[in-house]
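This report refers to the structure that appears directly beneath it.
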Number of protein chains: 2
Amino acid sequence: MSVELHAKAGKTRLRLWLKLLKTSNAVETALRDRLRTEFGTTLPRFDVMAALARSPEGLKMTELSRRLRVSNGNVTGIVDRLEAEGHAERHAVAGDRRAMEVRLTGRGRAHFGTLATAHEEWVNELMGAIPEAEAARIMDGLDHVARDLEEKQ
Amino acid sequence: MSVELHAKAGKTRLRLWLKLLKTSNAVETALRDRLRTEFGTTLPRFDVMAALARSPEGLKMTELSRRLRVSNGNVTGIVDRLEAEGHAERHAVAGDRRAMEVRLTGRGRAHFGTLATAHEEWVNELMGAIPEAEAARIMDGLDHVARDLEEKQ
DNA sequence: CCGATTCATTTCAAGTATAAAATATATGTG
DNA sequence: CACATATATTTTATACTTGAAATGAATCGG
């Protein structure tokens, strides 16, 4: 009997995972789609800009890749493109010739402002089906998982 | 005052979205990592195999791409690789020369059995921080969002 | 049966992602 | 100082992903 209970618990978690994945994919796809059709940009670029917007003094490449939890090489490419668009720029770091400080340009900051406003509205709309009280409870549950995973890692 | 309440609700949903994204990325990364290091395979290949395992009679390419919610061209590439590994095969469809039926090979079925067992254990472990009762509640909340999004789309 | 449309799939171009190797620089230890 | 090691970034190879174009086959209305 304990075996059956255990098996059942496992299935519930598997189902929860599949639903979690499905939901976040659906929201992510919708956001990606709107960024593309309405602003001609992408989610990775938005994410990098968001990180840079929060650090006006600039971020080193490694710090950027750590915060976004993506590989170093990946950040190189995305920053390359933001730079080509004139939305970000690399600066040498005084005292460390290995490092690069990345910052939003004025144009990048302005553009990100527009994007961020739209993005927040979209999220609001897409997640609108969740009542406020429930949102708080779900966050609690996810917090447990996220914290647990961080410790593991 | 209603404006402030509205703004606050928005922020809560944005925070919920960011947490949802972070959690599912963390779980996904962990799964991807283990599939790679322990079995030398990838999540997309696992997903395709899982869909095929549920339909032993085979699936057409379009049906596969619809179920996994990825583009047609994407499925082409993944099935190409599964075929090269000897885990799946394409068959002509009697009566429709446009279509292809994809099936797991015997070897693919056996391999997937191993993968699926490990996968379920991993999910169980990774999501273990969520108590059973909470899992059910979170699923409820996510259900609302997912259903809502399907209608929209 | 013929032309238009739809459908199933592949191909293509571009972007995103990773792990691993390479490069260049910095730092610490004896 | 010299050498080992660590750090910051880029490069490379490979895979995944998308949207759009191309190809080939089916179907439908006249």
Anything under 3.5 Å between a donor and an acceptor, one on a side chain of residues 77-86 of chain B, the other on a protein residue two or more places apart or in another chain? List them.
{"unit_1": "B:Asp80", "atom_1": "OD1", "unit_2": "B:Arg90", "atom_2": "NH1", "d": "3.0"}
{"unit_1": "B:Asp80", "atom_1": "OD1", "unit_2": "B:Arg90", "atom_2": "NH2", "d": "3.0"}
{"unit_1": "B:Arg81", "atom_1": "NH1", "unit_2": "B:Gly77", "atom_2": "O", "d": "3.4"}
{"unit_1": "B:Glu83", "atom_1": "OE1", "unit_2": "B:Arg90", "atom_2": "NH1", "d": "2.5"}
{"unit_1": "B:Glu83", "atom_1": "OE2", "unit_2": "B:Arg90", "atom_2": "N", "d": "3.2"}
{"unit_1": "B:Glu85", "atom_1": "OE1", "unit_2": "B:His87", "atom_2": "ND1", "d": "2.8"}
{"unit_1": "B:Glu85", "atom_1": "OE2", "unit_2": "B:Arg45", "atom_2": "NE", "d": "3.1"}

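Remark: C1' of D:dT7 and CZ of A:Arg66 are 15 Å apart, rounded to the nearest angstrom. A:Leu35 places its CG atom 16 Å from the P atom of C:dG15, with the value rounded to the nearest Å. Between A:Glu63 atom CD and D:dA8 atom C1' there is a gap of 12 Å when expressed in whole angstrom units. A:Glu83 places its CD atom 13 Å from the P atom of D:dT9, with the value rounded to the nearest Å. B:Glu101 places its CD atom 12 Å from the P atom of C:dA8, with the value rounded to the nearest Å. In this structure, the CD atom of A:Glu28 is 13 Å from the C1' atom of C:dA17, given to the nearest Å. For the pair A:Phe46 CZ and C:dT16 C1', the interatomic distance rounds to 17 Å; values are reported in whole Å.
Residues passing the salt bridge (charged side-chain N to carboxylate O under 4.0 Å, His left out) test with B:Asp47: none are found, sequence neighbours excluded. Taking B:Glu63 as the reference, B:Arg66, B:Arg67 meet the salt bridge (charged side-chain N to carboxylate O under 4.0 Å, His left out) condition, with sequence neighbours excluded. Among residues two or more places apart in sequence or in another chain, the salt bridge (charged side-chain N to carboxylate O under 4.0 Å, His left out) test is passed with B:Arg97 by none.
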Protein-proximity profile, nucleotides 1-6 of chain C, B/S/- by nucleotide at the 4.0 Å heavy-atom cutoff, equals ------
Going 5' to 3' through nucleotides 10-19 of chain D and flagging B where a protein heavy-atom sits under 4.0 Å of the base, S where only the sugar-phosphate is that close, and - otherwise, we get BB---SSSBS
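A salt bridge links B:Arg34 with B:Glu125: the closest approach of a Lys/Arg side-chain nitrogen to an acidic carboxylate oxygen falls below 4.0 angstrom.
A sub-4.0 Å separation between OP1 or OP2 of D:dA26 and a side-chain N or O of B:Arg97 is present.
For the pair B:Thr62 and B:Asn72, the tightest heavy-atom approach, listed with the atom from each and the gap, is CA-OD1, 4.2 Å. For A:Leu115 against A:Phe39, the heavy-atom pair with the smallest separation is CD2-CG, 3.4 Å. Closest approach of B:Met139 to A:Thr12, counting heavy atoms only: CE-CG2, 4.0 Å.
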For this session: Begin with the C-alpha distance, continue with both residues' side-chain angles, and end with the deciding distance and a verdict on side-chain contact (heavy atoms from CB on, under 4.5 Å) for B:Leu14 and A:Met127.
Result: CA-CA 8 Å; B:Leu14 185 57; A:Met127 311 275 294; over 6 Å; no
